[in-house]
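Everything on this sheet refers to the single structure shown next.
Residue numbers begin at 1 in each chain, while the letters A, B, ... track the order of the sequences. Hydrogens, waters and symmetry mates are skipped; everything else that's a heavy atom, side chains included, is used.
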Protein chains: 2
Amino acid sequence: MPSEQIENYLKNIYKIQSVEGKVSTSSLSEKLQISPASVSEMVKKLADEGSLTHTPYKGVELTESGKRAALKIVRKHRLWEMFLVEVLHFGWDEIDEEAEKLEHIMSGKMEDKIDEVLGFPSVDPHGDPIPTKSGTVKTIRSFALTDVEEGSTVRVVRVNDANAELLQYASSIGLSLNKKIALKQRMKFDNSLIIKIGSKEMTISATLAENIFVESV
Amino acid sequence: MPSEQIENYLKNIYKIQSVEGKVSTSSLSEKLQISPASVSEMVKKLADEGSLTHTPYKGVELTESGKRAALKIVRKHRLWEMFLVEVLHFGWDEIDEEAEKLEHIMSGKMEDKIDEVLGFPSVDPHGDPIPTKSGTVKTIRSFALTDVEEGSTVRVVRVNDANAELLQYASSIGLSLNKKIALKQRMKFDNSLIIKIGSKEMTISATLAENIFVESV
DNA sequence: CCAAGAATTTCGGTGCGCCTAAAATATAAA
DNA sequence: TTTATATTTTAGGCGCACCGAAATTCTTGG
Ligand SMILES: [Mn+2]
Ligand SMILES: [Mn+2]
Ligand SMILES: [Mn+2]
Ligand SMILES: [Mn+2]
């Protein structure tokens, strides 16, 4: 059984790998808030244990077994997030820190029970896919709200969960998962967007829109 | 914020104190499955930090602040146990290990949410009282099933949760919290009891009966 | 009362994961 | 191509909580 910290390393390597392709010591250090020196040490250890391959001074890549381990944690994290929202009625902006701890405490039995109580969900409260028990992840096809054409209507399928304040603000203006958004106008000078959710019209910044992912409808 | 291990020490000191009065290094060592040498070290540290008083070679006693900290963990443990049974449908014999981990991961907000979802329970699945947030514990008046008089009927209010196999067996014979038990006969030669639960009559050993606590009805 | 024997504490040492400072390597500007 | 700067690794060390072995202190039967 990997230690809590090793699980955090693997999960975050996986996440960086997914979005940036290459995983450097500094990017991991940044994400984990741990000094580059310590990360470098841990990376060597994980390479010895066979969870990843490390090309010194170059970067890191998960092995199959490392990836499996990472996906287990991602699954647990997202199941817990779902649980916190659905069963304990937390807001989607309040759950990350709690799930960050809980993900390391989940026996197989617990995982199954929670999965069942939730009705075997396929995405977490932010729209991120929950890997299956066997370790497959559905990729959700979507594009950023910034790329939507004027006049079209879309549905929110995912919101970047990296920033709690953003999430909090988004829900405060009625912007949540599965909501329909009509794009009225894009302002040329700052790329802000005038949108309509339900009957309410509002303006949102380009930065916010970059973090909202939608599908056509 | 005390470390996970410190929380375990404080909780177990509290529990030993409750049942045996005096808390020795060896009793703690036994309960925590940690060598006497290590326990002795930790005890010194806890004394320095003001959570307990330590008379070397004699024993240990929680200070007010230590007791408060201990009760917080007891509360969390029992709330989690309740939660595992009521919401996730675990059996009362499967929850201790999970709760042992979860008790250390519970923000104030989480504690409140769970308490609320459960309807502010006053006892855990084994009938042990859940300390209030302010740190008071209701003592439940009860006596062991071994002390019941022949012919009388009693209600189960608590079962010793120290042994999972006992709990598993108890529920397998229909013996659970709040069940009514009629004591038919006590066998002189081994103190075993012939009891009736609902319409089913059965014999239980004195050892089992010692772990079942009841009130008159 | 005293000497085993039992319980407890002290001592020296370990593994884990962290850190800062220094050394090594890579990269990019001149 | 060189050299300066940025990135990464190595070296040396720390705190926490653990251990076994040795030393200390308590207890108790003779
Ligand atoms: Mn985590
Ligand atoms: Mn999420
Ligand atoms: Mn615990
Ligand atoms: Mn219990």
Side-chain angles (χ1 to χ4, degrees), chain A residues 1-14 16-17 19-62 66 69-70 73 97 100-101 103-105, chain B residues 1-14 16-17 19-62 66 69-70 73 97 100-101 103-105:
Chain A
M1 181 105 315
S3 76
E4 174 163 336
Q5 268 312 72
I6 285 180
E7 293 184 334
N8 285 334
Y9 273 88
L10 293 176
K11 183 183 73 171
N12 284 290
I13 290 168
Y14 173 81
I16 297 172
Q17 197 167 271
V19 2
E20 297 177 27
K22 176 174 167 282
V23 183
S24 64
T25 297
S26 52
S27 58
L28 241 190
S29 162
E30 165 67 21
K31 189 151 228 174
L32 291 168
Q33 297 283 73
I34 289 170
S35 75
S38 303
V39 168
S40 193
E41 279 174 344
M42 182 59 103
V43 152
K44 188 162 43 162
K45 186 170 133 188
L46 292 173
D48 289 346
E49 291 179 7
S51 298
L52 50 79
T53 55
H54 180 216
T55 318
Y57 291 101
K58 287 302 184 181
V60 124
E61 191 170 10
L62 291 177
I73 306 304
E97 203 184 336
E100 195 55 53
K101 290 293 185 182
E103 65 190 1
H104 309 291
I105 302 183
Chain B
M1 182 103 318
S3 74
E4 173 163 337
Q5 267 313 73
I6 285 181
E7 292 184 336
N8 285 333
Y9 273 88
L10 293 176
K11 184 183 73 172
N12 284 289
I13 290 166
Y14 172 81
I16 296 172
Q17 197 167 270
V19 3
E20 297 176 26
K22 178 176 166 281
V23 182
S24 64
T25 298
S26 52
S27 58
L28 241 190
S29 162
E30 166 68 20
K31 190 152 230 175
L32 291 167
Q33 298 282 74
I34 289 169
S35 75
S38 303
V39 169
S40 193
E41 279 173 344
M42 182 59 104
V43 151
K44 189 162 44 161
K45 185 170 133 187
L46 292 174
D48 289 347
E49 292 180 7
S51 299
L52 50 79
T53 55
H54 180 217
T55 319
Y57 292 100
K58 289 299 185 182
V60 124
E61 191 170 10
L62 291 177
I73 306 303
E97 203 184 337
E100 194 57 52
K101 289 293 185 181
E103 66 191 0
H104 309 291
I105 302 183

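In this structure, A:Tyr9 reaches the C:dC18 phosphate: one of its side-chain N or O atoms is under 4.0 Å from OP1 or OP2. Contact annotation: A:His54 reaches the phosphate of D:dT9 (side-chain N/O to OP1 or OP2, under 4.0 Å). Between C:dA7 and B:Ser24, no contact under 4.0 Å exists linking OP1 or OP2 to a side-chain N or O. Residue A:Gln5 places at least one side-chain N or O under 4.0 Å from the OP1 or OP2 atom of C:dC18. Of the side-chain N and O atoms in A:Lys58, none sit less than 4.0 angstrom from OP1 or OP2 of D:dT9. Phosphate proximity of C:dT10 to B:Lys44: present, with a side-chain N or O under 4.0 Å from OP1 or OP2. Remark: B:Ser26 is not in phosphate contact with C:dA6, judged by side-chain N or O atoms under 4.0 Å from OP1 or OP2.
Of the candidates C:dC19, D:dT8, D:dT10, the closest approach to any side-chain atom of A:Ile34 belongs to C:dC19.
Other residues, nucleotides and ligands contribute at most 12 non-hydrogen atoms within 6.0 Å of the CD atom of A:Glu30. For B:Glu4, the CD atom counts as densely surrounded, since its 6.0 Å shell holds more than 12 non-hydrogen atoms of other residues, nucleotides or ligands. Under a cut-off of 6.0 angstrom, the local environment of NZ in B:Lys31 is crowded, with over 12 non-hydrogen atoms contributed by other residues, nucleotides or ligands.
Contacts of B:Ser40 with the nucleic acid, taken as non-hydrogen atoms under 4.0 Å apart, include base atoms. At the heavy-atom level, B:Pro56 lies under 4.0 Å from the strands shown only through sugar-phosphate atoms. Within the nucleic acid shown, A:Ser35 comes within 4.0 Å of at least one base atom, counting heavy atoms only. Using a 4.0 Å heavy-atom criterion, one finds that B:Ser38 contacts the bases of the nucleic acid, with or without backbone contacts as well.
Counting to the nearest Å, the P atom of C:dT8 and the CD atom of B:Glu30 are 12 Å from each other. Between the NZ atom of A:Lys22 and the P atom of D:dT8 there is a distance of 6 Å, given to the nearest Å. Nucleotide C:dT9 holds its P atom 14 Å from the CE atom of B:Met42, rounded to whole Å. Protein atom CG of B:Leu28 is 15 Å distant from nucleotide atom C1' of D:dC18, rounded to whole Å.
The CD1 atom of A:Ile73 lies 8.0 Å from the CG atom of A:Asn8; values are rounded to the nearest 0.5 Å. If you take CD on B:Glu100 and CD1 on A:Ile105, they are separated by 10.5 Å, rounding to the nearest 0.5 Å.
The 5' end of DNA chain C is approached more closely, in terms of each residue's nearest nucleotide, by B:Thr25 than by the other of A:Glu4 and B:Thr25.
The base of D:dC19 is paired with the side chain of B:Glu41 by a donor and an acceptor separated by under 3.5 Å. A donor-acceptor contact under 3.5 Å is formed by the side chain of B:Tyr57 with the base of D:dT24.
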